[in-house]
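Here is the structure we will look at, set down as structure tokens.
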Amino acid sequence: MASPLSVGFCEKVFHADETPEGEQPVLQILNVKKINAPGASGADRYRIILSDGQYFIQSMLATQLNDKVENKELDKHVVVKLTHFVLNAVQGRKLIIILDLNVQPWNGEKIGDPKNVEQHSTAPPAAAAAAAPAPAAPASRTTGAAPARTGSNNRSAGPGKDGMGPLYPIEGLSPYQNKWTIKARVTQKSDIKHWSNQRGEGKLFSVTFMDETGEIRATGFNDAVDRFYELLQEGKVYFVSRARVNIAKKQFSNVNNEYEIMFENSTEIDPCDDDSVPQVKYNFKGIGELGDCQKDELCDVIGVVKEVHELGSVTSKATNKPFAKRDIQLVDQSGQSVRLTLWGKQAETFNHEDQPVIAFKGVKVGDFGGRSLSMFSSATMSVNPDIAEAHALRGWYDAEGQNKQFQAYTNSMATRSDNAAPRPSELKTIGQAKDEQLGMGEKTDYFTTQATIAFIKNETFSYPACANPEGCNKKVLDNGDGWLCEKCDRKWDSPIHRYILSLNVLDHTSSFWITAFNEVAEQIMGVSANELMRLKEEGNDPEFSKYFQSAAAKTWTFQMMAKQDSYNDQVRVRYQCRRAGPPDYPNDSAYLAQMISQMAF
DNA sequence: CCCCCCCC
């Protein structure tokens with residue numbers, strides 16, 4: 001039976017200087033081993049020995065494929081087809097970096113008796129020489145757009161000859177390796193920053209490079225700013241070589257790499273017109289899901305720019321320096337809107353008044369006003385990007401979104417510390433609120449519940465409050481000579497009564513006592529506490545009772561707050577109603593239908 | 001060699 005493997009592949013690549021173009025060899029895995037040195041991104045790395053049946057050669061698995069090892073898809077004697085790989089020369093040894101592969105059907109037996117290609121193949125066979133690209137024009141570097149380079153524009157003479165070295169995946173870069181070239185897309189470019197401190201002064205900028213395997217931040221100081229700032233454009237692809245690779249200070253960047261690049265005097269950067277390098281990948285968080293994010297978390301968000309606010313300025317408390325600032329309002333299909341703040345030059349130059357879709361990468365989640373977003377130095381902004389999510393948003397907004405009312409984040413939508421907690425908009429039954437012990441933790445819990453008023457306490461429903469028209473609302477005491485407000489230090493002939501209303505509400509699962517303060521209680525009772533108190537004091541029982549009777553048995557959607565409270569050494573939960581509204585049956589039904597459709601039967 | 005990411 002003929003071997004299913006690509007016999008001769010190991011020998012050929014062992015003698016090749018370039019990654020062979022267009023080859024998809026079929027090889028057998030002899031061994032998979034986790035190695036000690038983690039990948040550039042900090043993930044585990046796996047070494048895989050690949051055999052063509054005649055020879056075997058070492059390879060490294062790109063970390064994005066690690067799950068295929070972890071779920072045993074890749075294991076001893078599995079046959080694979082490499083659909084994307086690059087060849088690296090490391091200290092004279094050849095190493096295949098597997099960027100993508102397919103598992104081929106195979107019966108699990110070892111094929112042939114392969115030998116180590118490093119020990120058994122010493123002379124380049126004719127086939128291998130033919131497989132290497134022609135020296136003068138290695139396809140992967142010929143760009144046409146590349147400016148003439150002093151020296152030579154090819155690397156075919158072998159690693160190190162002109163100092164550029166072989167094409168490396170970003171993931172393969174490390175400080176221990178200085179002969180390399182990466183082909184990568186600039187996904188983000190900073191402004192030029194000038195600094196001045198005890199150690200000196202200067203200017204710098206940074207970019208983020210990305211290829212199939214990962215991303216890395218690169219910084220240029222002083223001369224490098226002059227040489228490369230204009231050349232490097234966001235979204236374009238470049239060859240970069242002869243730069244330094246340092247350990248990254250992770251605390252200053254959200255770029256997922258243990259290392260970072262510093263441009264040096266010898267650094268060469270050439271544009272590349274090969275567009276096969278991937279575009280920015282997003283991992284969008286819906287605007288309605290921002291409650292799930294931690295404060296200060298970086299996330300990707302896409303939305304329609306509903307409003308653009310005026311350019312403003314703030315003075316930093318830390319540095320005392322002024323910063324230009326502009327807020328915009330983003331909306332999406334969640335019906336929720338969120339504020340995003342742009343800073344500096346981005347705030348000044350933002351001129352997208354036509355409600356575009358904008359995709360943001362790496363924006364910081366804040367908790368001001370419930371949830372807000374802030375542009376971060378390494379964040380990127382892409383206006384009307386050509387991606388599916390943007391087209392979907394555009395279609396939705398033009399068809400219906402533009403006429404909708406959006407719910408802004410508010411402070412009452414609490415900061416969430418875990419995903420198990422209900423989101424502000426989430427409907428809970430009273431039974432669920434109790435079962436889940438909402439309000440029993442250290443933090444206040446927020447939820448929405450739909451319930452019917454069973455009973456309203458009518459003995460004590462209000463307190464006498466300060467009558468200050470400025471709005472004080474403090475409790476006042478009658479000292480026989482008028483009502484004294486200690487806060488305002490004023491005396492009033494009569495107080496204004498404000499509600500502290502205790503209601504017993506119930507649904508099909510349970511019931512509980514809730515408290516409603518003035519505004520909400522007024523809405524529920526349909527009368528002010530002051531008026532109700534007047535009726536009571538006049539002894540107008542029929543009128544007084546009528547209000548309580550008509551308020552009872554009504555169903556509301558209550559926005560609730562559950563908080564721990566100690567009373568007489570007993571810890572209990574206090575439920576406060578912050579808002580009440582008539583039930584929105586169509587909306588609630590749609591929500592329930594969605595929940596049902598998400599259930600697995 | 002920067003490394004602040006701000007305000008309400």
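Chain naming here is simple, since letters A, B, ... match the order of the sequence lines and numbering starts at 1 in each.
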Gap between atoms [atom1] and [atom2], on [X] and [N] respectively (whole Å):
X: A/Ile192; N: B/dC4; atom1: CD1; atom2: P; answer: 21 Å
X: A/Leu340; N: B/dC6; atom1: CG; atom2: C1'; answer: 14 Å
X: A/Lys295; N: B/dC6; atom1: NZ; atom2: P; answer: 7 Å
X: A/Asp327; N: B/dC6; atom1: CG; atom2: P; answer: 13 Å
X: A/Glu348; N: B/dC5; atom1: CD; atom2: C1'; answer: 15 Å
X: A/Tyr229; N: B/dC2; atom1: OH; atom2: P; answer: 19 Å
X: A/Leu342; N: B/dC6; atom1: CG; atom2: C1'; answer: 13 Å
X: A/Lys249; N: B/dC1; atom1: NZ; atom2: P; answer: 4 Å

(message) Assess whether a salt bridge exists between A/Glu519 and A/Arg498, defined as any Lys/Arg side-chain N lying under 4.0 Å from an Asp/Glu carboxylate O.
(response)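 A salt bridge links A/Glu519 with A/Arg498.
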_What I want to find out is whether A/Arg371 reaches A/Asp292 closely enough, with some N-O distance under 4.0 Å, to be called a salt bridge._
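A salt bridge is absent here (no side-chain N lies under 4.0 Å from a carboxylate O).
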What's [X] touching, base or sugar-phosphate or nothing? Going by heavy atoms closer than 4.0 Å.
X: A/Gln346; value: nothing
X: A/Lys317; value: sugar-phosphate
X: A/Lys364; value: sugar-phosphate
X: A/Arg326; value: nothing
X: A/Thr219; value: base
X: A/Ser313; value: nothing

[Y] backbone acceptor or donor facing [X] side chain under 3.5 Å:
X: A/Gln523; Y: A/Ala580; result: yes
X: A/Arg227; Y: A/Asn265; result: yes
X: A/Arg185; Y: A/Val277; result: yes

Considering only side-chain heavy atoms of [X], which listed nucleotide, [options], is closest?
X: A/Phe376; options: B/dC2, B/dC5, B/dC1; result: B/dC5
X: A/Ser316; options: B/dC6, B/dC7, B/dC2; result: B/dC6
X: A/Asn222; options: B/dC8, B/dC2, B/dC1; result: B/dC1

query: Under 4.0 Å between a side-chain N/O of A/Arg199 and OP1 or OP2 of B/dC2, yes or no?
result: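 Yes, A/Arg199 has a side-chain N/O under 4.0 Å of OP1/OP2 on B/dC2.
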Tell me whether the side-chain N/O atoms of A/Trp195 come closer than 4.0 Å to OP1 or OP2 in B/dC2.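 Indeed, a polar side-chain atom of A/Trp195 lies that close.
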- Item | Within-4.5 Å side-chain heavy-atom neighbours: A/Ile302 and A/Asp332 |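 Side-chain contact under 4.5 Å: no.
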Practice prompt. Compare the ring of A/Phe368 with the six-membered ring in the base of B/dC8 and state whether they stack (centres under 5.5 Å, planes under 30°).
Written response: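 Here the ring of A/Phe368 and the base of B/dC8 are stacked, with centres under 5.5 Å and planes under 30°.
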**Study point:** Centroid distance under 5.5 Å and plane angle under 30°, A/Trp343 vs B/dC5
**Key:**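 Given the distance and angle limits, no, they do not stack.
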